[in-house]
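These notes concern the structure reproduced below.
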Amino acid sequence: MTHFRSKRLSRPGHGKVVAAVLGLVAALSLGAIGDAHAAPPSRAVPAADRWTDRPHGFASLAGGTSGGAGGKVVTVTDQAALAKYAAAEEPYVIRVKGAVEMDPFGTEIPVASDKTIIGVSDTAEIVHGGFTLDPGTHNVIIRNLTIRDTAIEGNWDCKDTDYDGIRLDTAHHVWIDHIRFSRICDGQLDIRKDSEYVTVSYNRFTNNNKTFGIGWTPNVKTQITVDHNWFTGTKQRNPSADNCAYAHLYNNYLSSQLSDGDPVWTYGNWSRGRTKMVIENSFYDGVQHPYQADATAELVQRGSILRNTTGRHDAWGTTFDPREFYAYRLDPAAAVPALVKRFSGPQKRIGGPAVLNVPADYPTVQSAVDAVPDGNDTPVTIAVAPGTYREKVYIPASKPHLLLRGTGRERSDTVIVFDTPAEYGGSTGSATVRIAANDVTARNLTFSNDFDEAAHELKGEQALAMKTTGDRIVFEDTAFLGNQDTLMTDSPKLTTLSRVYVRDSYIEGDVDFVYGRATTVIERSVIRALSRGSDTNNGYITAASTWKGNPYGFLITKSKIVSDAPAGTFHLGRPWHPGGEPDAIAQVLIRDTQLPAAVKSSPWTDMSGFSWKDARFTEYRNHGAGAGVTADRPQMSDATARTHTVAHYLKGTDDWAPYARHH
């Protein structure tokens, strides 16, 4: 038999992706400002975006820091769950939702290697406690949290109550990002005991004495990047860097320093011991001793702005060139206060729907699905990079709220494909992708079953590209490739209603290639009826098995059916009664759709002893060479058509309206 195949398809009239570009804040009108030595112009380099989930600076070197990427994603709301997953041996992405209050007061939760701890939106808090990374811990990301209130009234130096916000002891590859620290006793952030490859970015340090210390050994090992942080209402260690091999501080904002008249221990940045420190394009406003260095240390400063500052501003030695280690974006010093006020600390857009990247973090689509916890109640995006993924994927009912999204320019760039026929696993077992969960969306992807029925003579040639049984399933800008039984939209049982919305998509096949009992809307899509090489019967587009109590089965609307089959050789559909089920009474409406010459003049036909005339088959206002009105082509009335729209089919009892984002 001859088969017309089209395995790489462009979507018709695909929209342009508009990239949002963050402009720099205009230089502030600051009057007479003391500018330190001008920094060289920033090189045009690929810059780390302010919202990226990948670290920059030293934490990106020597293998990089990925945190819990590749592990399961969990959402926690209490101390016990947070402590359990933070201490686990395996990788985890731990999403913190709401305020978690530590008990007893001052508890520091140990964090094991290969963890990401990230606040959901800007409301996640750790109250009366913090985190500790013990020796040997590595590959940890802590982001988008408020850590607050372990300070004790009257205990300013915190000598007997060492409650740090985050403490690292001989840890490596750590990224601390978009945290707000407030009222911590003792250090808000302590990077201690030769910890290495650390980046501290976009944090807000507020209301503290000993704020941010680095070092505490005679060894010169630590490499650290400190950028775009805001220190306000703090006294000392902003930061203090002791015996660091490399300390790169840039685009930080120090303002409204908390001063108690201490002439020495109220200061900004301090390069201590044998530290090599580079400061670039920072902004100091109302700071005593903005930057200083021990005689044994080195400090190079360029491009910063000093306003209302007093005391030391040391600079000597040659230190190092950070660009020999990594590329980075250097913002103008004058823009730093506005930038840092806006972007430092927890952000609403960070820690939103979790994004699992395939294959960057998860080698297969199925492994990313497996990482979603059972009972998931928050949106999770599985972002699939361009490529061909030869695998079978199953999304069980226990993993709802998923978005499966191809990241290529075209849906044909990202293909999930397998080649199982029903002969080797039954109809369900043949499906390349199965979706049993509710609230799943797939976008910008191709699903294919490339079993070659022309090359095999089997009893079971059905070969599904996709089978759904969940409710509220959306396919946008997707393609379904196959021959017999390409796309099955079903429900868990006959009387259970499930809904599927297919838009701006492509479906191809020959026999019963759109079928099942789910209420299914196919809108603004292309349906290709493939020729099987026959001069009389090349196949059937639909095979609905709608429950008789459901008024809405299949609606194909504002679409285009195309075919290479000879004229008058294709059926619009036939009624499927699975297992002879008498209450499966097909309902199909094809309206406002272009039909090709391949459609038969009597386009509906019987199936397995059941007459098409007992089914609910109708057309309404179709056009094209294959359209027509005859005794064998029931037409829906205008009055009835008004209650058979996309909205009516999908409304259900919960007013589901996935089409609203387009209409």
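Any value given below was found using the heavy atoms of this structure, including those in side chains, with hydrogens, waters and symmetry copies removed. What you see is a predicted model; the values in this text were computed from it and never measured.
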For the backbone of [Y] and the side chain of [X], can you confirm whether one donor and one acceptor N or O come within less than 3.5 Å of each other?
X: Glu391; Y: Gln366; value: yes
X: Arg503; Y: Arg524; value: no
X: Lys115; Y: Ser113; value: yes
X: Ser611; Y: Lys613; value: yes
X: Asn622; Y: Ile590; value: yes
X: Arg349; Y: Trp51; value: no
X: Ser545; Y: Pro578; value: no
X: Asp485; Y: Gln462; value: no
X: Ser534; Y: Thr536; value: yes
X: Asn449; Y: Thr420; value: yes

Heavy atoms only: give me the nearest [X]-[Y] pair and the separation to one decimal.
X: Ala463; Y: Pro421; result: CB-CA, 4.3 Å
X: Phe554; Y: Val514; result: CE1-O, 3.4 Å
X: Phe570; Y: Ser563; result: CD1-OG, 4.2 Å
X: Phe447; Y: Ala465; result: O-CB, 3.6 Å
X: Phe451; Y: Asp419; result: CB-O, 3.6 Å
X: Ser531; Y: Pro566; result: OG-CD, 4.1 Å

Just by distance, with hydrogens left out, do [X] and [Y] show a side-chain donor and acceptor under 3.5 Å apart?
X: Asp114; Y: Asn139; result: yes
X: Ser505; Y: Thr478; result: yes
X: Asn444; Y: Thr414; result: no
X: His662; Y: Glu523; result: no
X: Thr75; Y: Arg95; result: yes
X: Tyr649; Y: Arg499; result: no

Is [Y] close to [X] at the side-chain level, that is, under 4.5 Å between some pair of heavy atoms?
X: Tyr92; Y: Thr116; answer: no
X: Ser427; Y: Leu464; answer: yes
X: Trp656; Y: Asp471; answer: no
X: Arg574; Y: Val511; answer: yes
X: Thr428; Y: Arg434; answer: yes
X: Gln587; Y: Pro551; answer: no
X: Pro596; Y: Val562; answer: no
X: Met466; Y: Phe475; answer: yes

N-O pairing of [X] and [Y] below 4.0 Å:
X: Arg390; Y: Asp450; value: yes
X: Asp592; Y: Lys558; value: no
X: Lys399; Y: Asp374; value: yes
X: Arg443; Y: Asp477; value: no
X: Arg517; Y: Glu581; value: no

Note to self: Let's go through Thr364 and Tyr389 carefully: what are the C-alpha distance in whole Å and the side-chain angles of both, what is the deciding distance for side-chain contact (heavy atoms from CB on, under 4.5 Å) to 0.1 Å, and is it a yes or a no?
What the structure shows: CA-CA 7 Å; Thr364 64; Tyr389 299 83; 5.9 Å; no
If we check side chain to side chain contact (heavy atoms under 4.5 Å, CB included) with [X], which of these qualifies: [options]?
X: Thr489; options: Thr469, Val500, Ile473; answer: Val500
X: Thr388; options: Val417, Thr446, Asp413; answer: Val417
X: Leu404; options: Thr381, Val358, Val384, Val380; answer: Val384

Item checked: From CA spacing to verdict: side-chain hydrogen bond (donor to acceptor under 3.5 Å, both in side chains), Tyr659, Thr645 -> CA-CA 11 Å; Tyr659 51 84; Thr645 65; over 6 Å; no
In Å, rounded to the nearest 0.5 Å, how long is the span from [atom1] of [X] to [atom2] of [Y]?
X: Trp612; Y: Phe617; atom1: CH2; atom2: CZ; result: 8.5 Å
X: Phe480; Y: Leu487; atom1: CZ; atom2: CG; result: 5.0 Å
X: His173; Y: Ser60; atom1: NE2; atom2: OG; result: 8.5 Å
X: Lys560; Y: Ile527; atom1: NZ; atom2: CD1; result: 12.5 Å
X: His571; Y: Asn537; atom1: NE2; atom2: CG; result: 5.0 Å
X: Asp370; Y: Ile395; atom1: CG; atom2: CD1; result: 10.5 Å

Notebook entry, point to check: His644 vs Tyr552 aromatic rings, parallel, tilted or perpendicular, using cut-offs 30° and 60°?
Noted result: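 Geometry flag for Tyr552 against His644: perpendicular rings.
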Next item on the list: Evaluate the ring planes of His577 and Phe610, with Trp represented by its six-membered ring, and classify them as parallel (under 30°), tilted (30 to 60°) or perpendicular (over 60°).
Entry: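 His577 vs Phe610 ring planes: parallel.
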Check: Can you list the steps and then say if Arg411 with Tyr506 is a side-chain contact (heavy atoms from CB on, under 4.5 Å)?
Finding: CA-CA 10 Å; Arg411 63 188 174 214; Tyr506 173 95; 3.5 Å; yes
Note to self: Let's go through Ser66 and Asp361 carefully: what are the C-alpha distance in whole Å and the side-chain angles of both, what is the deciding distance for side-chain hydrogen bond (donor to acceptor under 3.5 Å, both in side chains) to 0.1 Å, and is it a yes or a no?
What the structure shows: CA-CA 8 Å; Ser66 57; Asp361 299 326; 5.9 Å; no
Next item on the list: Decide side-chain contact (heavy atoms from CB on, under 4.5 Å) for Ile118 and Ile141; before the verdict, give the C-alpha distance in whole Å, the side-chain angles of both, and the deciding distance to 0.1 Å.
Entry: CA-CA 8 Å; Ile118 185 167; Ile141 295 172; over 6 Å; no
Notebook entry, point to check: Would Asp490 and Ser498 satisfy side-chain contact (heavy atoms from CB on, under 4.5 Å), going step by step from the backbone distance to the final call?
Noted result: CA-CA 7 Å; Asp490 214 32; Ser498 292; over 6 Å; no
